Each structure stands twice: as structure tokens, then as C-alpha cells.
Amino acid sequence: MDGLLRPGEVRLGKRQLGQMHVLGQIGQRFVACVLVTEGGSMLVMLDQHAADERIRLEALQRAAAPDADPDALKSKACRTPKNFLAHMIFEFSSTSELAALPAAAAVFPVLVGAALADNAAVAALASGAGQVAPKAVWQQLAAGAGLFDRAAALLDTGMDAVVAVADSAAAAIAAIEAIAAVPASRRGVRIPASVAAAEPALLERLAAAVSLLVLDGPPPASLHVALTAAAATTRVAITNSDAAAPEGCTTVVPAARIALGGGAAKDAPGAVDLAAAVAARLRSDRPDGLFSTIVADEHGVALGLCFSSAESIRASLASLEGVYHSRTRGLWHKGLTSGATQKLRRIDWDCDADALRFTVVQRPPGFCHLNTRTCFGADVGFTRLYSTLIERSAAAPSGSYTKRLFEDPALLSAKIREEADELCTASEPEEIAWEAADLIYFALTKCVASGVSLADVERHLDLRSKKISRRPGNAKPQFVSKDSPAPASAPASAPAPARAPAEIEPFTMRVHSKKTASTADLAALLKRPIIKTDEIMARVKPIVESVRARGNAALVEFTSKFDGVTIDAESIVERAPFDPRKMELDPNVKAAIDLAYDNVFKFHDAQLDREPLVVETMPGVVCSRVVRPIERVGLYIPGGTAVLPSSTLMLGVPAKVAGCTEIVLATPPRKDGTIAPEIMYVAAKIGATAVLKAGGAQAVAAMAYGTETVPKVDKICGPGNQYVTAAKMICQSDSSALLSIDMPAGPSELLVVADAAADIRYAVSDLLSQAEHGVDSQVVLVAVGFAQSDLDALQAELKRQASVLPRADIVKVSLSKSYVLVVDSMDEAIAFSNEYAPEHLILNVDNARSYVPRIVSAGSVFLGPFSPESCGDYASGTNHTLPTYGYARMYSGVNTHTFLKHITTQELTKEGLDRIGDCVTTLAEVEALEAHRNAVAIRLADIRRR
Ligand SMILES: NC(=O)c1ccc[n+]([C@@H]2O[C@H](COP(=O)([O-])OP(=O)(O)OC[C@H]3O[C@@H](n4cnc5c(N)ncnc54)[C@H](O)[C@@H]3O)[C@@H](O)[C@H]2O)c1
Ligand SMILES: N[C@H](CO)Cc1c[nH]c[nH+]1
């Protein structure tokens, strides 16, 4: 004895519990005591390492009587030290013990099934097909030939781990070697204690190789030190031992010793009272001694909160149904009168053992007394979809699409294929989530139509995580041929740049050669990644419509939904003058913005036609053109993945130069609902009149139609993602919005023409500067006269620079959609670039300027090795809002004229009209427009009469 526990009077608070007699220490940890009270006596085992005396006394009180009434005590034995279950392994060895299995499996952390032949039940439990789902299931298998195959087969059925049974040291070592490919965390070995005693060094070797070492039979005292050491590295368990296990070792409890329910069985010598074991492990902070119990369904969703007592736990384990302790009614067998009973699957403790979780299968109508499935309101996500599908399969409202799918398997199959295909081509995170949700809806509809439950699907998912045999995972040929482009090693074969290549080494670009490419190959290379316009339009239309109809309320809702930011309607717009505290900047940043502003201003100011154009087309006929600003403009500044003060400058400066009077700036808010100070600073500098803290389609719609606080504008300019672009196009085509836009915009892109003399580090850095914009960005290198060694150097440099970028994840995807085209001459390079019509074109070649006259289509061109595109993006003076996706064939980038309109005037003298009049009347006659003719003729008659 170490003197921690002493005989004597036991009091809890002021109450006398009884006299405690210490019988002796069992193992290193537990002390056996007899507690004698007025009502009788009982045997208890106390964990003497429990933190303090109060905890030991509370454990004693609980052990003494669940209702804590010492007077009610009858003489009884309790063999349930506090952490009993945590230390025990339950062993099932024959089918005759099946009765105890489900209850034991519901509470024991580790379950070991003995012989392969009669363990079908254990395998069924492991795969989740049984009544309960135990936490960890181990199967034992006799050592011998084919051990790995048998182990793998068992692990594939869902078993957590396997234990090889060997009767000699040599067989144990051979067994471990035979299953060496099974992860150490999932293998164990079982040997007779006598074998271990003969070769103590064996223990150390085995303990290092497995996660469970089972010793059959009581180990001799001489082995205790070696076992304690082995237990420090792996779980060591001892079977057939009534004596306490050595320190750190656990005890295997055979199924035959489990006592369920009440009655005499639990008091039999050596019996393990399962309910008492559960209760002994728990601690209650409540005055009534009950344990808070979360009741969850098989998906882990909380149905409600109950309370348990040792008595209710016993009743639950005996019936394998949900039985609790009601604070008003006492023992409460849930659903016994309503029929809404629960099948018990598992009981778990929380981390500090003061609360329980019962995992149950709830029968309808549900857990709550209000006849709903849970006490916490409606389900969400998967369980919500599943419940809805189950309801629809029972009774669907007329016109229900889901019902149509249930009734038309061919339609359902077609939709599953369609959605799978759309998911494959999706690239933006939101788009992928959207498509995945579609696919899951149709897949789960198929499950429900076929009687497969969500739990069945989850069981398969869990099973998969436990499989150790792996299939190669190759796709079936019909799917490969449809979607995958040729591998990188075959540059001459048909490329499919519109789709993401299935296999390309990360941070490399596919290489094509003009020499070997067919016309069709080259045509495919000119195409950009496909944007699914119809689908995006279908998603965006309701957003636009909603903002148009409901104004700020809708704006607030969509901002919360898509940006995860809650802003109230009153503060969603900031009007100028802006609060200087919202634009406080680091002086270096401020200086950089000021310099960029000055350059951009100079270049755009020079574009303004200050004098009207006046032309006398013939004597007495004077035509002129005057320029006017578009009064109210909206500037969209993207903000999904980056804060872009540069785009604010590029849109704001020309609007200011043009003289627009209402400049509304819209950009997605940051997570705290504010706008970055850099953007607010530029907003003030360019004279913005309002800043709308919203992004996406909703911001575009708000500016197009106006809301309670967002001013309506006449033109919306600026880049953005596909939702922004779709909203701009939808609003522009609605005549009631009376709106124009700058251009349809797509993801950023760059084409670099480099010759073999170019510094490959520069070319790569330029390509990456655009590839980092977004996963849809496309960069192209037209390599003039590159040899294989130049291409190898290029790929190596790409990997070197790209892999360390903070946005490497984005770059990896965009590079996979990009490519290198090897051409022989500058003529071929220029011809290809003109066809491609890139947003940005870098000519990193000798004598770059000489090629400018031959450039027909490009948004902006960068000449020579020292003109990186980044300079145009930020500060040199040209605009960076440029036509993408090939629109450079017919659109210019944003410039001062984007914010201007022209008005023409004309003035004719009498002589002038006399000169031109016959021409006009003749043409009006040709068009048979008599009123036109007459407006001139009536004046000509007067002039000529006089
Ligand atoms: N040409 C240029 O000058 C230039 C400059 C910078 C950026 N860009 C391009 O602009 C784009 C910026 O895109 P971004 O996403 O980073 O910012 P963004 O501001 O264009 O879009 C973000 C908004 O999209 C909306 N949104 C997100 N998911 C949605 C969904 N599922 N349904 C409806 N709306 C949704 C949200 O409201 C969010 O505020 C990129 O393609 C980039 O290449 C171009
Ligand atoms: N390169 C983009 C135009 O395609 C503009 C930009 C903003 N910030 C950096 N670059």
C-alpha cells in the first residue's frame, strides 16, 4: 500500500457514507475496498490515481448506490473501477455468446473476435451491417500460409485491424513478416504467455511491430517489467487473468463474463456488469447525479438532449433501445407509447467523461415531442436532401420533378451522366460546388428510388477508408477517349485545350509544334476554355431579377449568401466624401498609388478631344462633333480573390478625365464588411461619388436598375468573373434598364512570343504573372525556333518559379490549361498571335518594335525584354482593362472614350440647302419616304421662288 487510501469513516459533505475497509492493492492502480453502511456492505475498486480524494469519494458514492442513498444499500459486489471500460478489450469467441455481442460492441472501445470460422457476426459488425457499429473491431487469424491475403480480405470488409495468432516465437515473427504490408496501426499478434516468458526479448520486438499485443494466460511476475515497457509503445492485453494486469496493460474480458440487465447474473463471481461499468466511468456535475446525454442519429446529427442514470443505461443495453432517465418521470423508454422507439447503436463518452452520446436509429415520426425528426429544427445538407427524397418517394406533390425522376429511370440515368460531365468541366470553386450538388441530388434520388439509404452510402464510404487492397483506379476506356487529351509526350497529336488535361506534371505546360499540328489542332489551340454561358445566365437571371424587384433587401441577402458577409441595408453604400480613417495607408503604398495615378492620368488625359471637330463638307454645309461625358457610370472592381486598387485606377481615372458626374464604384466587401483602404483611397482620388460594398451579379444589377440607396447608372465598366460578366450582359439587353457596358470580359490571358535568344527566366515570370490571376486564366508561349534543350530549360524554370508562389494552387490549374506552341519563324508567330487575339501580347524578341505594324488584334502590346506586363497592370499609363477571350478582334480596351459619347451638329445656309437639296429629295423618292422629301422640297420652293 502506498498510503493514498486509508481505512476509516467515509463522508461526502456532511453525509456519512459508511466505514471503508481497504483490502489491498490490485495491480499498480486499483485498490479494493469494502464499504460498510447501515444498509449492508459492498466491494468497490477505486482508482487510487484519481486526482484527489473528492473524486474518489464521488466515485465511491456512485458505486455505493446510483441514487446516492446509503440507507438503501444492500450487500453487493461491484467490480467496476472508474476507467474500467477504457482499459478493457471485449473478446468474442463463439456464436453461443452472440447475445452479449451487440450490447458489448455498443460500449467497448475494442472488440476482438476469436476464430475465423465462427466469426461471421464480427465481420458483419465490422462492416456496419449488424445491429451496432463498434468503435474498433479486430479479427484474429491463425498464422500460416496466405496470412496476408486473409488479413487483407478481412480488413477490406471493414475490420479495423487483425491479430495473427501464433503458438511459438518463430511463428509470431513469421506472422508479422507475412502481414508486413498491413499498416502497423492495423495489425496485432497473440502469443501464449508461456512463450513470452521463455523469450522476454521477443516482447520488445513484437511490441515495436504491432499495435496490439495479446498475451494468452496470466503472465508470471518475472514478465511484469518487460510488459510494462512494451505497453509504453503498444497496447498490451492479457487474457484469462483474474489477477490485475501489469501496469499499463489492459484486460481482455471474455464475452461469457458480460452480465447484461439486472438480476443475479451481474453479481456472479467474475461477472462484468456492463451498465455499472459505463456508469462508473462517468462523472456528473448535476445535483441529481444524472448524466447529460446527446442523442444522435446514425449520421451523427443531434436529435435532442436527454439524461441517463446507471439504471437507464442498464435498461438501454438490455433492450438495445433508447432508454433514458426523465427528470420528471424517472425511467423513460423512449417511444414506448407513441411507437417512436429507437434502436441503440452505440454509447460514447465525451472527452472528460461527464456526458454521453447515444447513437440511435430513430423510428418515425421523430425524436421531438412536436413530432419533428429533431428538437433543433429542420435538417440541413445531406440529411435534409435525404429526408425530402424519402418524403417525395412516399407522396410527391403533383408536378414534382423528383417524382418524375422516380418514375422515369431513363431520365434519371441521363441526368446523372449529364451532371457528372458538367462537374468534370467545372473549374471555379463555386461552379464545382454547384455541379457537385447537382450530381449528389440525382445520385441520392437513384438511391432512394432503389431503396438504398444515406446510411448505406456512408457505410460504404467508411468501408473504403478501411480497405487496404487498392485498384489501379484507371478510367474505363469509353470515358478516357471522351475527355482526355493526348499526353504531354505526344505534342503532335490532337490537343483539346478547351478541357483541362487529365494528366500533366504539375507546373509544366503542354508543348505543341506548328510543324506537326494539323489545321484542326491549330484551330483548337485558338479556342479559350469553354464558358458555359447558358448555365451561368440561368443562375444569374434570378439574382438580377431579385435585386431589380427587391432592391437593397436582395442585395443584402446575396452578399450574405455568396460573400459570407452580413451588411445592413443602410450601410451597404458609402457616399462621398469618404471618411479619411477608412483610407489610411502605409506611406510607401500611398506613394506608389500616387505615381501610378499620375502616369495613368497623363496617358488618358491625352486621349481627350478637347476641341470640337468642325468640317464644311460643301459650301454652306457645316458638320461638327462635340464630346460629352456619360454622366452616370458604374465601375466594377473584382474582389473575389484579390484586392485590386490597380483596377480601381484603371477604371476611375478615365471616368474622371472624361468628366462623369456620378461615379459609383462596386466591389465585394472584405470579411469584416469593410472595403480595403487602398480602394477607398483611389475612390476618393478619382472622385467617386458612391462606393457599393457588394460584388457579383447583385452589384451589377443594383447599379443597372438602382435601389433605395444605390444610384442607377447609364454604363457599367470593369472586369469580373463569369457571374459579373453574365449580369452585365443580361442588364444590357434589358431595354428597361437603359444600360450599356464596356465589353464582355473573360478570364485574364497573355500570349508571349519569345525567340531562342530571350532570357527564359523573364518569359516564365511573365507567363506566371497572368497564370496567377485565376484558375481560368490562360497563358500561351509562342516559342520561335526553340530546340528541345530550350523547352527542357523552360519546363524546369516553370517548376522552379511556380512551385514557390503563394498562389501556386491557382497557377497549377491555369498552367494545366495553357500551352507552348513551337514555331519556326516570327512570321508564323505573328500570324498565330493575330488569330488568337490575346488580351496581352509580349514580344520578347529581337527588334520587337518593328513588328508592331503587323499586329492586327491584341488588347495591349509589351515590347522587348524590359517591358513586363506587370508594368501595364499597375503603373506605366496604359489601361489594364482589356478585351479577353478573342474579343480583341473587335473591341478596344477601356480608355477615356469608354466614358464619352459624341454629339454631332450641322448647320446649312440657304445656299447650302439649295446646293444639297436635290440630292436629298432624289434619295427620299428612291426610298419612297414622301415626308422626308417634302421637308426639303418645301424649303427649296421658297428659296428658288425668291
Ligand atoms: N481584365 C482585368 O482587368 C482583370 C483584372 C483583375 C481581375 N480580372 C479577372 O476578374 C475575375 C475576378 O473574379 P473574382 O471571382 O476574383 O472576383 P469578382 O469580384 O469578379 O467576383 C466575386 C463575386 O462573385 C460572386 N459569386 C461568387 N460565387 C457565386 C455563385 N456561385 N453564384 C453567384 N455569384 C457568385 C460573389 O458575389 C462575389 O462577390 C477573374 O476572372 C480575373 O481573371 C480581370
Ligand atoms: N492583369 C490584369 C488584367 O488582365 C490586371 C491586374 C490587376 N492587378 C494585377 N493585374
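This is a predicted model, so every value here is computed, not measured.
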My understanding is that only residues two or more places apart in sequence, or in another chain, count here; which of them pass side-chain contact (heavy atoms from CB on, under 4.5 Å) with S560?
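Per chain and number, S560 pairs via side-chain contact (heavy atoms from CB on, under 4.5 Å) with no residue.
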Is the shortest side-chain heavy-atom distance between [X] and [Y] below 4.5 Å?
| X | Y | answer |
| --- | --- | --- |
| W434 | R539 | yes |
| H880 | S647 | yes |
| D297 | V360 | no |
| C447 | V457 | yes |
| I567 | P669 | yes |
| D521 | H512 | no |

For the residue pair S646 / D873, report whether a side-chain donor-acceptor contact shorter than 3.5 Å exists.
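Looking only at side-chain atoms, S646 and D873 do not form any donor-acceptor pair under 3.5 Å.
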Using a strict cut-off of less than 4.0 Å between a Lys/Arg side-chain nitrogen and an Asp/Glu carboxylate oxygen, indicate whether R528 and E749 qualify as a salt bridge.
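Judged by the 4.0 Å cut-off on N to carboxylate O distance, R528 and E749 do form a salt bridge.
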Hey, which of R510, K799, K812 is the one that makes salt bridge (Lys or Arg N to Asp or Glu O under 4.0 Å) with E505?
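Single salt bridge (Lys or Arg N to Asp or Glu O under 4.0 Å) partner of E505 among R510, K799, K812: K799.
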Stepwise side chain to side chain donor-acceptor pair (under 3.5 Å) test for Y441 and T402:
CA-CA 10 Å; Y441 160 71; T402 308; 2.9 Å; yes
With sequence neighbours left out, what residues match Y887 under ring-ring contact (aromatic ring centres under 6.0 Å, His included)?
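Scan of Y887 (ring-ring contact (aromatic ring centres under 6.0 Å, His included), adjacent residues dropped) gives Y891.
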Measure the CG-NE2 distance between D379 and H299 for me, rounded to the nearest 0.5 Å.
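That separation rounds to 8.0 Å.
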Value rounded to 0.5 Å, distance of OG1 in T388 from CD in E391
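The OG1 atom of T388 sits 5.5 Å away from the CD atom of E391.
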